[in-house]
Protein chains: 2
Amino acid sequence: MGNESGSGGVQSVDRAISVLEILSRRGEAGVSEVAAEIDVHKSTAFRLLGALEARGLVEQAEDRGKYRLGFGIIRLAGGVNTQMDISRRSHPVCQRLAEEIGETVNIAVLRSSYAVNLDQVRGPSAVTAYNWVGQLTPLHATSSGKVLLAHADDRQRAKLLSDGPLEPLTDRTITDVAELERQLAEIRETGYAFCLEELEDGLNTIAAPIRSYHGDVVAAVSASGPAYRFPAERMHELASVLISGADEISGRLGYAG
Amino acid sequence: MGNESGSGGVQSVDRAISVLEILSRRGEAGVSEVAAEIDVHKSTAFRLLGALEARGLVEQAEDRGKYRLGFGIIRLAGGVNTQMDISRRSHPVCQRLAEEIGETVNIAVLRSSYAVNLDQVRGPSAVTAYNWVGQLTPLHATSSGKVLLAHADDRQRAKLLSDGPLEPLTDRTITDVAELERQLAEIRETGYAFCLEELEDGLNTIAAPIRSYHGDVVAAVSASGPAYRFPAERMHELASVLISGADEISGRLGYAG
DNA sequence: GCATTTCGTTGCACTGCTCGCAACAGGAGA
DNA sequence: TCTCCTGTTGCGAGCAGTGCAACGAAATGC
């Protein structure tokens, strides 16, 4: 589903990235914790941290021997770009939607052949700690993904749909291309998409398209919650709220309507 | 000024980070460009890119052979943390300030012994393309830095001021500690700080403090513009606008006033 | 259209960079 | 005070990283 260059090649680089991920996950860690987690000797972990620190990707926290991610990461993130503007401009609307709908709201964009989550605002009743930001999700199994697929141009969509079988993630995942295409046509009519436990058991989501100045769909805003509390009926009731929010975000991106 | 662990140690990791910085700066690059810039053989550059791609920090753009930063960076940035909340909550106010003042607005926080820029909104008349986000700036030579120094607790401030001589960056940089202390006392009285070509020739800035729920100063919001268009008189006129903006941001962080 | 140049990609073998080991100093807890 | 754990440093072996050469594909120039 994407072609990777190289084989993942340079072991010490791979290890350094693992170090970054550990710090991202844990917030802070010492040399020995890092060493244990990537299964290397302490002195190796120490040197990897040193290399990362010398370039600002890692820094030492106030506690001696505790390392955390540094602002060099933010600087790099500033280069990832234009799609982060979408995230920024939509954030206030997401906050309002999260309060109004009561569930967690996400912004996602199409990237390669995935829906990538750019931003997240937890709903007041959110019980799950899961942070979707930066996560890649399969297009066919998420409401955001379906929105992005529905509004992709025909050629792009045909390519995305022919990139291999639709992977079943739950019993409910749509794996039949014809059925998915039917849903995508419906999404273009109704203006929103929904997913009923297709990505994860117990997780329901609904999404609406965000348009750019030019009118093309460049992102999706979604609301997600547990199936027991966010069933199909409720999702359909809330569709208009989400669509309004999506329209407001579109306006913020310069879309005239 | 900080203590570095290791010596920057692992050459291949260092090279990989250089690759990330090149992509951040250029947006996109091919194997040969990267190789030329870090002065390694093409095949080495290719393998470094491959390692970074395998972990999502780099991805291939639609153009064959063109690489760009991937969303793994965003995921990592999500772990840098709590201070990014400040950035998010203040952004709408920064946008308004940038329009109202007409110049570029930044948010900065104290980190180690630097002012680190978290966010930036360019003013309508901004001619410079410079992106300060993620940049470390010396406390004594920026208005944000002065605000953060002025409101640091006495012990911390004494430590920061005793960390070596105040480096002269222009003819106008304050290098006398007593003079800087006098300015910091004035900042605490007036409620804002300004810099007249102290960081860079031709660059003037003004800053005001942002307070957290607890009332302590956790960030500074600043406006900066070219001296010819943003002279001292105009800055003082605009101080109340910036202070109002800072107060609004403080309110957003839960400060009750 | 053809020839040339440049690109990205792969396999090979050399060697220097990476790594683990051992030792040490410092801090915390019993 | 002793023990254990931590982070940090120096050393040298060996293997992982590297440059070279070759190849196919794409781009460019005539």
Side-chain angles (χ1 to χ4, degrees), chain A residues 1-23 25-70 112 159, chain B residues 1-23 26-70 112:
Chain A
M1 196 161 329
N3 50 324
E4 299 200 329
S5 22
S7 53
V10 183
Q11 182 175 251
S12 51
V13 171
D14 198 61
R15 282 176 172 167
I17 295 169
S18 292
V19 171
L20 294 174
E21 289 183 350
I22 289 162
L23 294 181
R25 206 165 60 232
R26 291 178 172 224
E28 285 189 351
V31 174
S32 298
E33 290 175 76
V34 169
E37 192 146 348
I38 59 175
D39 200 26
V40 297
H41 192 269
K42 280 192 298 179
S43 62
T44 299
F46 180 72
R47 275 185 292 253
L48 289 171
L49 284 162
L52 294 167
E53 189 180 11
R55 301 297 291 271
L57 298 198
V58 162
E59 67 193 16
Q60 292 201 43
E62 288 76 33
D63 296 349
R64 182 176 167 277
K66 290 291 184 185
Y67 293 84
R68 66 191 174 191
L69 292 180
S112 221
K159 183 171 186 307
Chain B
M1 188 143 4
N3 53 323
E4 299 200 329
S5 20
S7 55
V10 184
Q11 181 176 252
S12 51
V13 171
D14 198 61
R15 281 176 172 166
I17 295 169
S18 293
V19 171
L20 294 175
E21 289 182 350
I22 290 162
L23 294 181
R26 291 178 173 223
E28 286 189 350
V31 173
S32 299
E33 290 172 69
V34 169
E37 192 148 346
I38 60 176
D39 200 25
V40 298
H41 191 270
K42 281 193 299 181
S43 63
T44 298
F46 180 72
R47 277 184 291 251
L48 289 170
L49 284 162
L52 293 167
E53 189 181 9
R55 302 297 291 270
L57 298 199
V58 162
E59 67 192 17
Q60 291 200 45
E62 288 77 33
D63 296 350
R64 181 177 167 274
K66 290 293 183 183
Y67 293 84
R68 65 190 175 192
L69 292 180
S112 223

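Note on naming: letters A, B, ... go to the chains in the order of the sequence lines (proteins, then strands), and numbering restarts at 1 for each one.
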(request) Figure out the CD1/P separation between Ile38(B) and dG17(D), and round it to whole Å. (result) 14 Å
(request) May I ask you to evaluate whether Arg15(A) reaches the phosphate of dT18(C), defined as a side-chain N or O under 4.0 Å from OP1 or OP2? (result) no
(request) For Ser43(B) and for Val13(A), locate the closest nucleotide of DNA chain D by heavy-atom distance; then report the residue assigned to the nucleotide nearer the 5' terminus. (result) Val13(A)
(request) Round to the nearest Å and state the distance from Phe46(A) atom CZ to dA23(C) atom C1'. (result) 15 Å
(message) Measuring only between side-chain heavy atoms, which start at C-beta, is His41(A) closer than 4.5 Å to Arg47(A)?
(response) no
(request) May I ask you to test the Leu48(B)-Val58(B) pair for a side-chain heavy-atom distance under 4.5 Å? (result) no
(request) Select base, sugar-phosphate, or nothing to describe what Ser12(B) touches, counting heavy atoms under 4.0 Å on all strands. (result) sugar-phosphate
(request) To the nearest 0.5 Å, tell me how far Asp39(A) CG sits from Arg15(A) CZ. (result) 8.0 Å
(message) Does dT9(C) have its OP1 or OP2 closer than 4.0 Å to a side-chain nitrogen or oxygen of Tyr67(B)?
(response) yes
(message) Rounding to an integer number of Å, can you tell me how far Leu48(B) CG sits from dA16(D) P?
(response) 16 Å
(message) Nearest to the side chain of Gln11(B), heavy atoms from C-beta on, is which of dT9(C), dC17(C), dC19(C)?
(response) dC17(C)
(message) In this structure, how many angstroms lie between the P atom of dT6(D) and the CD atom of Glu28(A), rounded?
(response) 16 Å
(request) Taking only the side-chain heavy atoms of Val10(A) (C-beta and beyond), determine which of dG17(D), dG19(D), dG7(D) contains the nearest atom. (result) dG17(D)
(message) Could you tell me how far apart His41(B) (NE2) and dG8(C) (P) are, to the nearest whole angstrom?
(response) 12 Å
(message) Rounded to the nearest 0.5 Å, what separates atom CG in Asp14(B) from atom CG in Leu52(A)?
(response) 9.5 Å
(request) Write down the distance between CD (Gln60(A)) and C1' (dG7(D)), rounded to a whole number of angstrom. (result) 9 Å
(request) Rounded to the nearest 0.5 Å, what's the gap from CD1 on Ile38(B) to CD1 on Ile22(B)? Could you check? (result) 5.5 Å
(request) Whole angstrom is fine here: how far is it from NZ in Lys42(A) over to C1' in dA23(C)? (result) 11 Å
(request) Spell out yes or no: do the side chain of Thr44(B) and the base of dG17(D) have one donor N/O and one acceptor N/O closer than 3.5 Å? (result) no
(request) Could you tell me the separation between the CG atom of Asp14(B) and the C1' atom of dG17(D), rounded to a whole number of Å? (result) 15 Å
(request) Examine dG7(D): is either OP1 or OP2 under 4.0 Å from a nitrogen or oxygen in the side chain of Ser32(A)? Give yes or no. (result) yes
